[in-house]
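Read through the structure below, which is laid out as structure tokens, and then see the notes.
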Amino acid sequence: MAERSTAAVDVANESGEAPLAAGAGGVTGDSDKGQSETQGAGGQDAEQTSIEETAPSTPTPEPPELHSGHKLARRYRLEECVTRLEGFSSWRAVDEKLRRAVGVHLLPADHPRARSVLSAARSSALLGDPRFVQVLDAVEENDLVYVVHEWLPDATELSAVLAAGPMEAYDAYQLVSQVAQAMTAAHREGLSHLLLSPGCVLRSESGQYRIRGLAVAAALRGVTSDRPKRTDTEAIGALLYAALTARWPYQEDAHGLTGLPEDLGLVAPDQVRAGVHRGLAELAMRALVNDGATPSRQEQPCTTPEELAKAVAALPRIRPPEPTAPAFPQAGYRQPPARPAQPAATRPIAHATQPPPPPLAGRTGKVLKWGVAALLIAALGLGSWQVADTLMNRENTPAPTPSVQPQKGSATGGAGHVTNQPLRIVGAQEYAPDGVTEDPGDVGLSYDGNPSTYWHTKSFDSGPVLAPFKAGVGIVYDLGSAQKLGGASLTFHYGGSYTTATLYAADSLTTSASPSSLHKLGTVTTDTTNAKLSVSSPVSTRYVVLWLTAVPKAGTDGFSSPGFKQGIAEVSFTG
């Protein structure tokens with residue numbers, strides 16, 4: 001199982017409700033509320049999605065009486081209850097064995113949905129796709145059923161992102177592309193979500209989207225569907241619509257977003273907000289239940305995530321926005337402001353310029369001239385003699401050996417000011433936080449002093465950005481001792497558009513921590529084979545991670561097939 005740690009995996013949030021820990025009212029688990037939330041998450045009608053109802057003679061069992069500090073399997077310590085409704089509860093917990101945060105869903109073993117929850121959790125765990133929040137354990141023990149899953153504290157819910165306003169076209173494109181591709185992979189394995197909403201889509205710091213609650217959220221809530229692919233596709237369309245407009249595409253307000261007016265109906269995103277990307281607006285309408293009608297032409301609706309993913313791939317490439325450079329004042333001489341013209345009445349009267357005094361004439365003047373000339377000649381002769389004497393003495397005297405005392409905090413001591421001196425690399429190892437390496441045997445070729453040899457990545461089908469299929473590739477370098485890092489010179493094997501490299505400070509050569517948990521030093525993007533990277537705020541570190549998140553497209557060579565790839569030919573650091 002993956003060992004990444006989650007933002008609160010809150011099933012109530014995934015269906016549109018506020019978590020208990022957030023101070024949201026009381027328990028609202030009645031059937032009318034559940035049906036409304038199901039329609040809000042995907043817009044599906046009662047024929048497509050239904051919630052199982054419990055007969056009055058078999059009431060839903062109350063969730064077990066647990067408290068903070070309670071341990072499951074002598075390992076998972078419950079910390080905070082984030083949801084309690086419909087006979088189950090969700091907790092933030094700590095895995096004391098691996099010392100990491102986890103999430104836990106709990107319900108009684110005799111709960112009518114306990115069997116389906118266990119089955120859904122185990123099926124989701126077998127998928128093992130990193131685009132989904134991973135199920136780590138699913139256990140029935142002591143009259144309890146509990147499901148343990150990842151906890152991602154550095155990720156942000158899409159609902160929180162949309163609260164700040166609509167997304168840029170590139171960000172919305174990445175959202176619908178990554179979510180559609182992930183759900184395509186899940187449906188191929190027979191798994192569906194049925195409760196996709198802004199509350200269950202998480203965005204990491206690297207821009208990768210991850211989906212939580214696959215199969216498990218619907219099992220906990222008793223949600224089923226006769227057309228699961230259509231249900232999930234419509235939900236993805238609603239996510240895209242919300243990303244483009246910051247409005248929910250139905251009349252009800254949901255997930256912190258305002259719904260559409262009742263008399264307006266479902267209109268295209270570019271009619272709700274000006275400046276919306278036309279191609280993405282049409283995709284949102286094709287994914288929603290509207291028979292595939294778009295503002296400009298009639299298109300067939302997208303009824304499965306796979307069809308939607310293909311439609312997204314067929315769009316013209318949407319480039320990321322250009323970063324805005326900060327405006328700095330221009331250096332150099334600034335012309336002083338001109339003085340305003342004064343009226344003639346107040347203008348000062350210019351006085352006549354006095355002529356210079358006449359030169360000395362006669363015999364006295366000649367005597368003074370010759371005296372000054374004689375003094376100058378004598379001074380030059382004396383100065384030349386002193387210089388020659390000094391040089392001769394210096395040649396005959398051996399030069400003393402200078403004694404250099406390292407200043408406190410200098411680069412040689414591992415801390416202090418930057419001296420721009422080259423730093424020696426004593427070792428390196430491939431950095432693969434996902435456990436999948438590229439070319440670990442050739443890491444030494446990236447700093448052997450020979451630019452013709454290089455460490456290389458595998459060939460990827462899409463790019464230049466490697467996410468979401470892979471967060472990135474890289475190497476961690478050992479500088480031998482803590483050094484004040486000021487910059488790096490990078491030589492790549494392949495040129496082209498484009499390579500993005502980032503430096504991080506790490507705590508060990510074998511670190512498996514995610515880049516988001518490391519200290520970022522600087523980033524550079526280049527279309528050539530050379531790049532210079534400066535650290536704006538130098539820090540003292542022994543281990544430096546070079547992390548590539550975008551690589552150019554290249555043809556076949558002796559190592560790999562054509563595709564998006566890169567090779568690191570030479571790396572050097574300066575302190």
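Note that the coordinates shown come from a computational prediction; the quantities given were computed from them, not determined experimentally.
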Between [Y] and [X], is there a side-chain donor-acceptor contact under 3.5 Å, judged purely by atom types and distance?
X: Asp232; Y: His187; result: yes
X: Ser517; Y: Asp154; result: no
X: Trp455; Y: Glu430; result: yes
X: His255; Y: Ser159; result: no

Below 4.0 angstrom, N of the basic side chain to O of the carboxylate: do [X] and [Y] qualify?
X: Glu234; Y: Lys229; answer: no
X: Lys97; Y: Asp95; answer: no
X: Arg188; Y: Glu306; answer: yes

pair [X]-[Y]: side-chain heavy atoms closer than 4.5 Å:
X: Val179; Y: Val176; value: no
X: Leu244; Y: Leu280; value: yes
X: Ser446; Y: Tyr477; value: yes
X: Tyr146; Y: Val148; value: yes
X: Leu423; Y: Gln483; value: yes
X: Asn530; Y: Phe492; value: no
X: Leu503; Y: Val545; value: no
X: Leu521; Y: Tyr504; value: no

Rounded at 0.5 Å granularity, tell me how far [atom1] in [X] sits from [atom2] in [Y].
X: Phe564; Y: Asp461; atom1: CZ; atom2: CG; value: 9.5 Å
X: Lys484; Y: Leu479; atom1: NZ; atom2: CG; value: 13.5 Å
X: Tyr76; Y: Leu136; atom1: OH; atom2: CG; value: 6.5 Å
X: Asp442; Y: Asp439; atom1: CG; atom2: CG; value: 4.0 Å
X: Tyr173; Y: Leu283; atom1: OH; atom2: CG; value: 10.0 Å
X: Tyr431; Y: Gln429; atom1: OH; atom2: CD; value: 12.0 Å

Would you check if the side chain of [X] reaches a backbone N or O of [Y] as a donor-acceptor pair within less than 3.5 Å?
X: Ser508; Y: Thr511; answer: yes
X: Lys553; Y: Tyr498; answer: no
X: Gln421; Y: Gly575; answer: no
X: Ser124; Y: Ala120; answer: no
X: Arg286; Y: Gln300; answer: yes
X: Glu307; Y: Thr303; answer: yes

Indicate the atoms forming the closest heavy-atom contact of [X] with [Y], along with that distance.
X: Lys565; Y: Gly555; value: NZ-O, 2.6 Å
X: Pro198; Y: Leu239; value: N-CD2, 3.5 Å
X: Ser225; Y: Thr231; value: OG-OG1, 2.9 Å
X: Gly237; Y: Ala284; value: O-CB, 4.1 Å
X: Pro451; Y: Glu570; value: N-OE1, 3.9 Å
X: Leu162; Y: Ala243; value: CD2-CA, 3.7 Å

- Query: Do you know which of Arg203, Gln178, Gln134 makes side-chain contact (heavy atoms from CB on, under 4.5 Å) with Arg210?
  - Reply: Gln134

- Item | Of Leu548, Thr491, Leu490, the residue whose pairing with Ile568 passes side-chain contact (heavy atoms from CB on, under 4.5 Å) | Leu548

- Which class fits the ring pair Tyr454 and His493: parallel under 30°, tilted 30 to 60°, perpendicular over 60°? parallel

- Note on the structure: With Lys470 as partner, the option from Thr549, Thr457, Asp434 fulfilling side-chain hydrogen bond (donor to acceptor under 3.5 Å, both in side chains) is Asp434

- Message: Run Leu533 and Phe573 through side-chain contact (heavy atoms from CB on, under 4.5 Å) and show every step you take.
- Response: CA-CA 9 Å; Leu533 196 153; Phe573 300 106; over 6 Å; no

- Query: Checking side-chain contact (heavy atoms from CB on, under 4.5 Å) for the pair Leu191/Ser123: CA distance, chi angles, key distance, verdict?
  - Reply: CA-CA 8 Å; Leu191 297 173; Ser123 299; 3.6 Å; yes

Could I get the full list of side chain to side chain donor-acceptor pair (under 3.5 Å) partners for [X], not counting sequence neighbours?
X: Thr304; value: none
X: Thr502; value: Thr523
X: Ser452; value: Asn450

- CA sep, side-chain torsions, deciding dist, call: Leu266, Tyr241, side-chain contact (heavy atoms from CB on, under 4.5 Å): CA-CA 11 Å; Leu266 182 60; Tyr241 195 104; 4.1 Å; yes

- Message: Walk me through whether Leu202 and Tyr209 qualify under side-chain contact (heavy atoms from CB on, under 4.5 Å).
- Response: CA-CA 5 Å; Leu202 309 175; Tyr209 291 92; over 6 Å; no

- Message: Does atom CZ (Arg273) have a neighbourhood of more than 12 heavy atoms from anything else shown, all under 6.0 Å?
- Response: yes

